[in-house]
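Just so we're on the same page: letters track the sequence lines, and every chain starts at 1. Please read these numbers as outputs of a predicted model, since none were measured by experiment.
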Number of protein chains: 2
Amino acid sequence: MPNKLIKSRTAMNATCAACPSRHLCLPSKFMDKSQIATLDRIIQKMMIVHKNDHLYYSHETTKTIYAVYKGSCKEYWIDGNGNECVTNFYFPGDLVGLESVSDNKHMLSVVGLEYSELCVIPLDDLCKLMQESEAILKRFINITGYKMRNDRSVKMGVTAEERICDFLLNIIYRMLERNISLDNIPLFMSQLDISNYLGISHETVNRMFKNLQRLQVLKIENKKMTVIDLAALEKLGRLDYSLDKDQKKQSFIAS
Amino acid sequence: MPNKLIKSRTAMNATCAACPSRHLCLPSKFMDKSQIATLDRIIQKMMIVHKNDHLYYSHETTKTIYAVYKGSCKEYWIDGNGNECVTNFYFPGDLVGLESVSDNKHMLSVVGLEYSELCVIPLDDLCKLMQESEAILKRFINITGYKMRNDRSVKMGVTAEERICDFLLNIIYRMLERNISLDNIPLFMSQLDISNYLGISHETVNRMFKNLQRLQVLKIENKKMTVIDLAALEKLGRLDYSLDKDQKKQSFIAS
DNA sequence: CGGGCGTTTGAACGTGCTCAAGAGGAGTGG
DNA sequence: CCACTCCTCTTGAGCACGTTCAAACGCCCG
């Protein structure tokens, strides 16, 4: 049975101030404690989804967005031929549901890849808050801009190898932002999910993974990835994250 | 020589109130004349670019975004191998530069595909305005959400035919939003631009165009496209714009 | 008028898809 | 606790789509 569940954040002892991913989410380094407390005031509920439970389905109406507090989710839609098109993966600190705000109706579905907790952010309350606090408004704008960059960057590659490498680099850098070690990065999505995300057959995804292991670039074992040669991976991909990744990341995280 | 030029909007007799694309831009149907006037107060300048002139280059610092008032632009970056990766095409009413706000630095370059006029929107002033006016704040959030949807939807296809069709459908629906007839839609980008946008060789783009003409789906002549059989094109693409396109569009435009 | 860019077409090659089949693992129900 | 099913991962073989390379043409612009 579906296990979608709403709890109060206070009951779960979850606050923005104590959130390990706050540096990627609505709080920013420039906010003082009272500003962050205003976020806690409007974000009162937490949505719990277990693995394979849906956070929401396409076509549902909505006036909220979500922030991943713990876990990870897959965003997708079903095309006219019944194929699942994966549009995004979300990790702690990511805002979920931004695409739906323009007409208060989801056009994508979101499902948990593992046990996950998501902060429920009422859009109207957030708007009011952004009008009161310049810091929160600017932060929100920065987050949406950063998301546009990030979303765009992944599927630029032409060959399957480029696309796989860019995808993995994207995951890796998002893990770095979250201070997660590059040893044994957990990949909660299946290879089929990745293939539906990249528009590549799942057999090719598998073969590319094998190939990258044969090249001693990384190791994937038991759905956990260990990066061996990041520079080699960057060379195989199409994006130059290496250019000024630290600056880029820091400037956003600090903003 | 580059012909980037800044003029005053009043000198060009350009106002938000009289803009033909205002229904896609910051003004919304819910704003009264005084609210729209506040937009005109902060948007005082117009940037003029001729064909092949750059609006801005990657790595330039910025504290402004732009709105296409007239014309069209191409957004791109150059990858490690020197290949041009086209990331977007912008038409009247579109906001340009949103990806850059998170660290005040462009990571993409934008160049005019034709003679174009773009309203210069200082970000700080816009933020202040959004704090004063809930309508403008909500409108901005809706636009960013709508852009995320739109950007995502285009490159989902797996086969070259699907990608070409989805691209053309995207152009077509954006033209419809702008009340432009489906006869002789001008395509200011080259087939090479389209190939760099879709990650497909330009020869394949050409062959697909020819094929769609052979199938009596559309006609392309002299960089102008006439749609003959929209339903057939939708069937060849991967996205179902037809599902509730009118509702979707109306709900955003009206928001 | 010449040069360069964009478009068009053909031919051969190669990447990645499709189809097929089996192994391993997780979850479910008896 | 085991048997069963379904899902995921894996590997192979053949094929098709799309790329690459090449060449020619038209067109715009200097």
May I ask you to test the [X]-[Y] pair for a side-chain heavy-atom distance under 4.5 Å?
{"X": "A/Ile185", "Y": "A/Lys224", "result": "no"}
{"X": "B/Cys19", "Y": "B/Tyr69", "result": "yes"}
{"X": "A/Cys119", "Y": "A/Arg9", "result": "yes"}

Review point. Hey, does B/Met189 reach any base, or is it just sugar-phosphate, or nothing, if we go heavy atoms under 4.0 Å?
Key: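 Nothing, no nucleic acid heavy atom in range.
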
Check your understanding: With sugar-phosphate meaning primed atoms plus P, OP1 and OP2, does B/Thr204 contact a base, only sugar-phosphate, or nothing at under 4.0 Å between heavy atoms?
Key ->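 The residue B/Thr204 makes base contact.
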
Once you round it to whole Å, what is the distance between [atom2] of [N] and [atom1] of [X]?
{"X": "A/Asn206", "N": "C/dG22", "atom1": "CG", "atom2": "P", "answer": "18 Å"}
{"X": "B/Met208", "N": "C/dT8", "atom1": "CE", "atom2": "P", "answer": "14 Å"}
{"X": "A/His50", "N": "C/dG27", "atom1": "NE2", "atom2": "P", "answer": "13 Å"}
{"X": "B/Glu114", "N": "C/dG6", "atom1": "CD", "atom2": "P", "answer": "16 Å"}
{"X": "B/Leu113", "N": "C/dC5", "atom1": "CG", "atom2": "P", "answer": "17 Å"}

Who passes salt bridge (charged side-chain N to carboxylate O under 4.0 Å, His left out) against [X], sequence neighbours left out?
{"X": "A/Arg174", "answer": "A/Asp94"}
{"X": "B/Glu60", "answer": "none"}
{"X": "B/Glu99", "answer": "A/Arg152, B/Lys147"}
{"X": "B/Glu117", "answer": "none"}

Exercise for review: Strictly below 4.0 Å, heavy-atom distances to any atom of DNA chain D: list the hits from residues 209-229 of chain A, or just say none.
Suggested key: A/Lys210, A/Lys223

Practice item. Mind running a 4.0 Å heavy-atom check of residues 191-202 of chain B against DNA chain C and sending the residues that fall below it, in number order? Key: B/Gln191, B/Leu192, B/His202

Listed partners of [X] passing side chain to side chain contact (heavy atoms under 4.5 Å, CB included), at least two apart:
{"X": "B/Arg207", "value": "B/Glu203"}
{"X": "B/Lys235", "value": "none"}
{"X": "A/Asn81", "value": "A/Asp79, A/Asn83"}
{"X": "B/Thr64", "value": "B/Thr62, B/Tyr66, B/Val120"}

Point to revise | Net bend of the helix from C/dC1-D/dG30 to C/dG30-D/dC1, end axes of five pairs each, nearest 10 degrees | key: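 About 50° separates the two local helix axes.
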
Check your understanding: Contact boundaries of DNA chain D with chain A (under 4.0 Å, heavy atoms), 5' to 3'?
Key -> D/dT8 to D/dA13

Point to revise | Residue among B/Val49, B/Asp53, B/Val68 satisfying side chain to side chain contact (heavy atoms under 4.5 Å, CB included) with B/Ser116 | key: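 Answer to the side chain to side chain contact (heavy atoms under 4.5 Å, CB included) test with B/Ser116 among B/Val49, B/Asp53, B/Val68: B/Val49.
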
Exercise for review: Taking B/Arg238 for its side chain and B/Asp166 for its backbone only, find out whether a donor-acceptor pair lies under 3.5 Å.
Suggested key: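 Answer holds: no.
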
